[in-house]
Amino acid sequence: MADNGKKIDYDFAAHERPLFEAWKDAGYFQRGEGFGAKKGQPYTIVIPPPNITGVLHMGHALNDTIQDTCIRRARMQGRPTRWILGTDHAGISTQTKVDKRLADQGISRLEIGREAFIEACYDWYKEYGTTIVNQVKGMGCSCDYDDEHFTLEPGYVKAVRKLFVDWYNDDLIYKGKRIVNWCPHCTTAIADDEAEYVDEAGHLWYLRYPLTQPEGDLEYLVVATSRPETMLGDTGVAVNPKDERFAHLAGKTVTLPLVGREIPIFADWHVDMEFGTGCVKTTPSHDPNDWAMGERNGLERINIFDETAHVVEGYGRFSGMDRDEAREAIVAAFEDLGLLEKVEDHDHSVMTCYRCHTKLEPWESEQWFVAVDGLKKDAARVVEDGSIQFHPERWKQVYLDWLANLKDWCISRQLWWGHRIPMFYCDACGWEGASVEDVDACPVCGAPVRQDEDVLDTWFSSQLWPFATMGWTEEGMDAPQMKTAYPTQVLSTARDIMGLWVARMVMASMYCCDEIPFEHVIIHPTVMAADGKPMSKSRGNGVDPLRLMEDYGADGMRFGLLMQVTGAQDLKFNEAKLESSRNFANKIRNAARFVQMNLDDYVPGDPDPVTPVDRWIFSRLAGLVARLDKAYGAFEFGEITRELYSFFWNEFCDWYIEFSKARLNGSPEDRAACQRNLVFVLDQALRLLHPIMPFVTEEIYQQLPIDRSDAPYLIGAAWPDAQALAQYVDADAERAIQMVTETVSAIRSTRARYGISPKTELAVVVKAGEADVALLEAQRGLIEGMGTTASLEIAADASKPAESSVTLAPGLEVYIVLSGLVDFGAERERLEKERAKLAADAAKLDKKLSNPGFLAKAAPEIVEKDRAKHAEMTDKLARVEAQLVELG
């Protein structure tokens with residue numbers, strides 16, 4: 001396994017997969033009350049169902065790590081847990097994929113018909129629908145794989161149809177002609193929230209519309225538009241009622257060029273007098289703002305495009321042209337008629353389809369809508385009163401703002417793959433009605449009926465996900481799972497679907513269950529490339545989580561991702577953090593190996609922190625558990641990883657194991673006590689690490705000489721109890737050993753700085769506060785042994801000896817005598833040369849980084865590399881100058 005050309009000996013896959021299968025076979029992933037653990041409040045999470053067309057990407061990797069961390073910790077707390085797994089049928093996405101597959105075979109879905117096409121979609125699902133699930137397994141995610149769901153499974157279909165029928169009967173669903181965002185390529189409506197905005201360099205065309213009856217010298221009005229092709233459907237010209245230039249023309253008419261239609265001039269407050277000329281062409285069927293003005297002013301609505309955005313019949317030579325062709329021809333026609341006044345550059349944003357990236361067309365069509373005003377109030381209330389909490393908390397207001405601005409939701413899609421709208425029509429007598437079950441004959445006249453051709457928006461079906469996966473379909477709130485495990489505890493998701501999915505789940509749950517769907521919503525950061533740009537195939541800057549797991553192991557990827565989580569909105573992905581996490585996993589293995597190598601004569605027993613060092617590490621452990629519990633309560637995953645890393649690497653490995661070496665070689669009693677304490681602290685640390693790094697911790701846990709009868713696997717072991725550990729809190733021990741580590745670190749860093757041999761004994765003076773002197777004096781033996789001192793003075797009134805270095809630490813000053821060990825003159829000369837070179841190099845780099853031309857032209861990664869280099873030089877320069885001060 002390569003890493004920058006180096007060989008990595010550890011085979012992650014060979015170790016991780018067997019452990020995963022062992023957990024799964026032992027039933028830990030299934031919902032239940034744990035294994036020998038106490039009963040507790042159920043803890044349930046629903047996974048945001050990935051598309052059956054999807055593969056694992058970095059957003060999934062981060063989100064799934066967050067969810068698995070939460071569910072594993074809850075399981076260790078003895079709570080009955082369930083992580084609900086499943087996939088979404090992904091209407092447009094899957095239909096697009098299958099359309100392409102058929103096209104490659106020279107087949108069209110229109111040729112094979114709806115039923116055969118749906119069968120082809122199911123074939124796709126069977127072939128690719130498990131891809132991402134298998135990849136999730138590779139991460140070690142402890143989902144309930146024995147109870148997997150799919151948004152087109154029979155029970156789920158029934159739930160979706162039930163909700164449609166209930167909302168229809170409660171007048172919350174209606175059908176009407178409205179303007180929608182239409183994709184001419186996918187030939188379906190697209191929700192407002194699914195539109196992607198793309199900046200485009202465009203133009204404003206100034207067109208002259210002749211007054212039907214000229215007003216003195218005024219023969220025409222000039223309108224400015226970015227879409228001249230839609231003028232064929234104009235049914236009015238709007239002016240602001242306060243505009244002294246044109247307000248008096250309200251009620252008069254212009255004659256629409258090329259068409260010859262007489263259309264009214266009208267006044268409307270929506271018109272911006274400062275934009276263009278102050279006169280606005282109004283095309284109600286092709287612009288939402290124009291639609292609103294048309295509704296207020298009784299304008300005619302004319303749809304000039306068909307479903308593929310070609311001009312319909314009745315417009316002469318323009319009929320049959322697509323949008324772009326019509327634009328070019330119409331502008332040319334205006335120019336020929338002398339009616340094109342001017343053209344200006346005009347940059348603006350255009351809406352595109354989130355699947356095929358075709359420009360969307362505002363288009364009037366008959367669609368099904370949800371009247372959201374009847375659902376918004378409760379969905380807002382449960383967030384305002386804190387029943388549902390957002391993390392970070394700032395997303396609460398974003399949610400409420402989105403809900404407040406929500407307009408009626410277009411839920412019909414002109415597709416074949418998906419939940420077909422359960423509306424049935426009788427052409428014989430005109431009966432129509434909604435039904436959960438299929439209707440074959442009209443209940444009024446007995447004639448055959450037909451079902452609506454459209455399917456429901458994918459978000460309509462996914463809004464039922466939290467409860468449609470818990471038996472609600474058949475038994476409602478009386479379903480056993482609904483009684484014991486609803487609402488769920490945590491939803492973790494991305495910010496871009498907070499409105500599309502999160503808010504709609506709340507609305508649906510409050511209606512169907514009269515209950516919130518979840519208690520906490522984690523909005524995790526979006527994973528961006530290192531330069532801060534979105535990851536995408538087109539940019540070629542995406543990172544494959546599967547490759548990361550091969551290089552760093554699932555544990556390394558999981559821990560490294562969470563290390564990068566802060567309260568920020570975006571996460572600039574740094575692969576070096578994963579390398580650091582892999583090294584951390586190796587550190588854990590090495591520490592465990594050291595402990596195991598010293599347990600050949602181990603006799604199990606209760607831990608007994610008798611020495612100050614033992615009391616220190618037990619106190620630090622107790623404080624760590626308390627801090628982790630608090631951080632988990634606030635879902636601060638970056639803080640959790642930093643706390644774990646600091647404790648295990650710095651305190652346990654670098655210091656406690658080092659302190660223990662002498663005791664392991666001491667008396668049998670001392671050795672036995674040290675062994676039991678090492679095993680206890682290692683065991684507790686593994687439990688704390690397990691939710692994030694499940695594989696390496698389980699691997700080590702299986703090798704520990706402990707009683708595993710109650711917990712054969714670490715996944716089912718008890719989470720450390722902060723209250724039980726509180727008995728070990730010892731402020732004096734923590735302060736004493738902190739001062740020891742600070743003093744020894746000062747000695748070691750001074751040796752390294754001046755190239756002094758570890759065997760050379762040094763004279764050390766420590767100045768401490770009155771209260772600390774006795775604490776530190778009691779640990780004199782530790783400092784002398786680990787620092788290799790010739791002499792050690794500890795005093796509150798100590799003064800700096802001549803020719804000595806000084807290191808400042810909290811409440812301490814550590815002086816190390818360098819007389820006879822360092823050639824001060826030669827060392828000063830060497831340092832001055834190094835300072836001059838560093839200062840010159842740093843100045844050159846500073847000048848480069850201050851150059852706007854360089855910053856504008858250089859690749860972002862080059863700029864970041866130079867900034868890091870500059871920071872490193874600055875730090876080195878500061879340290880060299882500090883050494884020169886030491887030398888006098």
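Computed over heavy atoms, backbone and side chain alike; hydrogens, waters and symmetry mates excluded. The first residue of the sequence shown is numbered 1, and numbering continues consecutively from there.
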- If you look only at pairs with a residue in residues 724-755, which of them pass as a ring pair (Phe, Tyr, Trp, His ring centres under 6.0 Å), with sequence neighbours excluded? F618-Y728
- Query: Checking R708 side chain against L704 main chain: does a donor-acceptor pair fall under 3.5 Å?
  - Reply: yes
- Considering non-hydrogen atoms only, spot the tightest contact between A554 and E16 and give its length. N-OE2, 3.0 Å
- Query: Which pair of non-hydrogen atoms, one from A592 and one from I700, has the smallest distance, and what is that distance?
  - Reply: CB-CG2, 3.4 Å
- Using the test ring pair (Phe, Tyr, Trp, His ring centres under 6.0 Å), find all partners of W655 that sit at least two apart in sequence or belong to another chain. F659
- Message: Under a 3.5 Å cutoff, is there a donor and acceptor pairing between the side chains of R75 and S142?
- Response: yes
- Can you name the nearest heavy-atom pair linking D721 to V625, along with the distance? C-CG1, 4.4 Å
- Query: Can you pull the salt bridge (charged side-chain N to carboxylate O under 4.0 Å, His left out) pairs that have at least one residue in residues 672-683, sequence neighbours excluded?
  - Reply: D683-R687
- Item | Salt bridge present between K587 and D555 (N-O < 4.0 angstrom) | no
- Does R642 make a cation-pi contact with W649, if we ask for NZ or CZ under 6.0 Å from the ring centre and within 45° of the axis? no
- Task: Verify whether the ring centers belonging to F584 and Y645 lie closer than 6.0 Å.
- Result: yes
- Item | Pair R593, Q596: side-chain N/O donor-acceptor within cut-off below 3.5 Å | no
- Verify ring-ring contact (aromatic ring centres under 6.0 Å, His included) between Y552 and F559, making sure each step is shown before the conclusion. CA-CA 10 Å; Y552 306 104; F559 197 88; over 10 Å; no
- Under-4.0 Å salt bridge between D68 and R558: yes
- Between the main-chain N or O of D730 and the side-chain N or O of S619, is there a donor-acceptor pair closer than 3.5 Å? yes
- Query: Under the ring pair (Phe, Tyr, Trp, His ring centres under 6.0 Å) test, which residues partner W719, sequence neighbours left out?
  - Reply: Y632
- Message: Among residues at least two apart in sequence or on other chains, which ones pass side chain to side chain donor-acceptor pair (under 3.5 Å) with E777?
- Response: R780
- Please confirm whether W23 and F695 have ring centers closer than 6.0 angstrom. yes
- Note on the structure: side-chain contact (heavy atoms from CB on, under 4.5 Å) test vs L678 passes for just one of N598, L664, L599, D614, namely L664
- Message: Under the rule for ring pair (Phe, Tyr, Trp, His ring centres under 6.0 Å), what residues qualify as partners of H391, not counting sequence neighbours?
- Response: H520, F635
